[in-house]
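Down below is the structure, laid out as structure tokens.
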Amino acid sequence: MDRVLLLLPTTTYRTQAFVDAASVLGVDLVCASERPSTFETHAPDNLITLDFTDPAGAAETIARFAGRRPIDAVVPVDDLTTVVAAAIATRLGLKTNPVAAAAAARNKHAMRQRLSGAGVPVPRFRLVSLGDDPEATARRAEYPCVLKPLALSASRGVIRADDARAFVAAFHRIAAILRRDDVSVAGEAAAALLVEEFIPGREVALEGLLMAGGLQTLALFDKPDPLDGPFFEETIYVTPSRLPADLQEQLSRVTLKACAALGLTEGPVHAELRVNERGPWVIEVAARSIGGLCSRALRFGTGMTLEELILRHALGWKIASLDRERRPAGVMMIPIPRAGRLVAVRGKEAAEAVPGVEEVAITAHVGQELVPLPEGWQYLGFIFARGETPEAVERALREAHARLAFDIE
Ligand code: ADP
């Protein structure tokens with residue numbers, strides 16, 4: 001029986017989907033997390049604690065484990081585990097991205113340097129040390145610009161500034177985010193931030209699978225809500241994209257060029273791109289699949305999930321079809337409107353009754369302290385819809401969202 005090692009940070013939304021996929025495929029599953037599980041002593045063959053911030057140490061631990069129970073594939077489910085996964089898989093001689101490529105995709109400054117060096121269209125950028133004087137830096141900046149941490153995700157800490165005052169405020173706000181207890185960054189990522197030219201335009205997300213350096217675009221999502229800042233809250237994703245076919249092809253080509261520039265060759269990629277009159281721009285390429293519960297919007301071939309596809313690829317198994325189902329589909333990540341304690345969620349049934357809506361998954365729990373962007377990274381939940389057209393999917397998502405009410409104290 002083939003055996004898969006899943007690297008599951010305790011904060012991930014992705015566990016269930018990958019565990020379900022492994023069970024459908026009938027593979028033996030080894031789950032590694034950064035915190036010991038209470039069941040670990042009962043299931044030492046299937047549960048492991050690993051320090052994800054120490055790739056060499058983690059690779060050593062797994063190499064010893066694999067001496068006893070061989071591992072056939074290593075799959076990181078989230079941003080936090082892409083580098084350590086590459087280190088482990090390299091050590092075991094398995095299919096993987098090079099460690100340096102995974103690391104470059106995890107550091108927004110390294111990524112910008114590689115992409116601009118390879119002629120991939122990216123915003124102008126500058127690394128700013130948190131030790132620098134923000135007022136002086138703000139005077140030299142061009143506006144509008146975007147300030148962002150180097151190694152967070154889910155738009156956490158990404159802030160637009162239109163003038164020097166907003167720049168200085170964003171600078172201090174990001175510095176405070178990097179000091180939070182629930183943020184673990186080290187080295188350059190804890191000591192600097194990136195300042196970028198703001199790229200106006202429409203945004204899309206490309207979900208892809210790299211196979212031996214080639215890119216298969218699995219889905220291109222439109223993001224119909226404008227993302228103009230000051231914070232960049234993800235909301236609606238709808239696929240197929242309504243952009244013209246030639247532009248969609250350009251977006252796939254530029255994403256492949258970005259992957260090649262980073263050195264990424266194998267496994268899932270999730271890219272954010274913008275499009276304006278000057279063409280496509282790469283905002284980011286992450287060496288992982290789509291976040292949150294969003295993958296539920298995707299099905300391939302005759303009903304395969306994205307996670308099954310990723311596991312099959314990692315194991316080198318045959319994949320019957322990489323084609324997404326024909327039917328338009330979408331998801332809305334329900335943003336946290338304000339800080340406070342969640343007291344009640346109302347309207348879920350009414351929201352699920354909207355034609356086209358397939359599921360409303362509320363992931364925040366009553367009693368939870370909610371932290372909105374830019375400090376937070378979570379969502380209230382996710383709404384899924386399918387329909388005859390992308391427009392119908394978008395309408396259903398908006399209608400369902402309007403029927404939900406969140407009491408926050
Ligand atoms: P994260 O990895 O946290 O998602 P990103 O760098 O992808 O961080 O930025 C999050 C979002 O912020 C993007 O999806 C985009 O909407 C917006 N954004 C980031 N950088 C820029 C930029 N230079 N110009 C315009 N929008 C940007």
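Note: hydrogens, waters and symmetry copies are ignored here, and every other heavy atom, side chains too, is used. Order of appearance sets the numbers: ligands from 1, and atoms from 1 within every ligand.
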Check your understanding: On the ring face of Phe125, is Arg112 found with NZ or CZ under 6.0 Å from the centre and within 45° of the axis?
Key -> no
Point to revise | Heavy-atom nearest neighbour in the protein, as seen from atom 8 (O) of ligand 1, with distance rounded to 0.1 Å | key: Lys108 NZ, 3.1 Å
Review point. If you count the atoms of ligand 1 from 1 in the order shown, which ones are under 4.0 Å from a heavy atom of Ala154?
Key: 1 (P), 3 (O), 4 (O)
Check your understanding: What are the two closest heavy atoms between Leu306 and Ser289, and how far apart are they?
Key -> CD2-CB, 3.8 Å
Review point. Has Arg165 got more than 12 heavy atoms of other residues, nucleotides or ligands less than 6.0 Å from its CZ?
Key: no
Practice item. Would you mind running through ligand 1 and noting each atom that sits below 4.0 Å from a heavy atom of Ser153? Key: 1 (P), 2 (O), 3 (O)
Study note, to complete from the structure: closest protein heavy atom to atom 18 (N) of ligand 1 is Ile283 CG2, 4.1 Å
Check your understanding: To the nearest 0.1 Å, how far is atom 7 (O) of ligand 1 from its closest protein heavy atom, and which atom is that?
Key -> Glu284 OE2, 3.1 Å
Exercise for review: Provide the number and element of each atom of ligand 1 under 4.0 Å from a heavy atom of Pro123.
Suggested key: 23 (N)
Exercise for review: Pull out every atom of ligand 1 sitting under 4.0 Å from any heavy atom of Glu203, numbered as shown with elements.
Suggested key: 13 (C), 14 (O), 15 (C), 16 (O)
Revision key, fill the gap. for atom 20 (N) of ligand 1, nearest protein heavy atom and its distance come out as Lys148 NZ, 3.0 Å
Check your understanding: So do Pro240 and Pro328 actually touch side chain to side chain, heavy atoms under 4.5 Å?
Key -> yes
Practice item. Start with the C-alpha distance between Arg403 and Glu349, add both sets of side-chain angles, then the distance that settles salt bridge (Lys or Arg N to Asp or Glu O under 4.0 Å), and finish with yes or no. Key: CA-CA 9 Å; Arg403 293 186 185 187; Glu349 275 180 26; over 6 Å; no
Check your understanding: Is the closest heavy atom of Arg274 to ligand 1 under 4.0 Å?
Key -> yes
Review point. Which atoms of ligand 1 sit under 4.0 Å from any heavy atom of Val146?
Key: 20 (N), 21 (C), 22 (C), 24 (N)
Review point. Less than 3.5 Å between some nitrogen or oxygen of Val158 and one of ligand 1, yes or no?
Key: no
Review point. What class does the angle between the rings of Tyr379 and Tyr13 fall in, given that below 30° is parallel, 30 to 60° is tilted and above 60° is perpendicular?
Key: tilted
Check your understanding: Which bit of Phe232 gets closer than 4.0 Å to ligand 1, counting heavy atoms only: side chain, backbone, both or neither?
Key -> side chain
Point to revise | Minimum heavy-atom distance between Glu266 and Ala212, given as atom pair plus value | key: OE2-N, 3.0 Å
Practice item. Say whether Glu196, considering both its backbone and side-chain N or O atoms, lies within less than 3.5 Å of an N or O atom on ligand 1. Key: yes
Revision key, fill the gap. In terms of heavy-atom contacts, His313 and Leu210 come closest through NE2-O, 3.3 Å
Review point. Do the non-hydrogen side-chain atoms of Phe65 and Ile71 ever get within less than 4.5 Å of each other?
Key: yes
Review point. What is the nearest protein non-hydrogen atom to atom 10 (C) of ligand 1, stated with its residue, atom name and distance?
Key: Ser155 OG, 3.4 Å
Exercise for review: Output the list of atoms in ligand 1 that are nearer than 4.0 Å to some heavy atom of Leu152, sorted by atom number.
Suggested key: 2 (O), 3 (O)
Point to revise | Nearest protein heavy atom with distance in Å, relative to atom 24 (N) of ligand 1 | key: Ile199 N, 2.8 Å
Check your understanding: Just checking, is any N or O donor in the side chain of Ser295 or Glu307 under 3.5 Å from an acceptor N or O on the other one?
Key -> yes
